[in-house]
Amino acid sequence: MLTNPVLDTKAMFTYIHPEITEVVSTDFLIRYYDLNTDGIHRHNALADCDVIARIFESILSEYEELQLDHFTADPKQMMKRFVIPEMYMT
């Protein structure tokens, strides 16, 4: 299944949850999967890898439950990844 050279957890999530219109951030995914991040120092490279791995495992579990054995990122599908702060729009 995982033949992609790069895996984007946010794209994988939006692939199985097209109904979600919110910006899908790491914090959103932590809340969505109800992951316990107590004691994890966010924005530390190693700690963030741990958090992303937990999110990835949760997404893979959903793929398994849905009996999906593939992932295709559709460039036409709108995948919100971030919002540009207003201060950078001028």
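Just so we're clear, the structure is a prediction, and the values are computed from it rather than from any experiment.
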Are [X] and [Y] side-chain neighbours, meaning at least one heavy-atom pair lies under 4.5 Å?
{"X": "Glu62", "Y": "Tyr33", "result": "yes"}
{"X": "Tyr32", "Y": "Val24", "result": "no"}
{"X": "Val51", "Y": "Thr37", "result": "yes"}
{"X": "Met12", "Y": "Tyr63", "result": "yes"}
{"X": "Leu29", "Y": "Phe13", "result": "yes"}

Of all pairs that satisfy salt bridge (charged side-chain N to carboxylate O under 4.0 Å, His left out), the ones with a partner from residues 29-44, not counting sequence neighbours: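 Sorted pair list: Asp27-Arg42, Arg42-Asp48.
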
Could you list the residues that satisfy side-chain hydrogen bond (donor to acceptor under 3.5 Å, both in side chains) with Glu19, not counting sequence neighbours?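 With neighbours one apart ignored, the set is His17.
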
Identify, with sequence neighbours excluded, every residue that meets side-chain hydrogen bond (donor to acceptor under 3.5 Å, both in side chains) alongside Glu57.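 In terms of side-chain hydrogen bond (donor to acceptor under 3.5 Å, both in side chains), with neighbours along the sequence ignored, Glu57 is linked to no residue.
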
Looking at residues at least two apart in the chain, or sitting in another chain, which of them share a side-chain contact (heavy atoms from CB on, under 4.5 Å) with [X]?
{"X": "Ile52", "answer": "Thr9, Thr26, Ile55"}
{"X": "Ala47", "answer": "Ile40, Asn44"}
{"X": "Leu66", "answer": "Ile16, Leu68"}

To the nearest 0.5 Å, what is the distance between CG on Asp69 and CD on Glu64? 11.5 Å

State the CD1-CG distance between Ile30 and Leu35, to the nearest 0.5 angstrom.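 One finds 6.5 Å between CD1 of Ile30 and CG of Leu35.
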
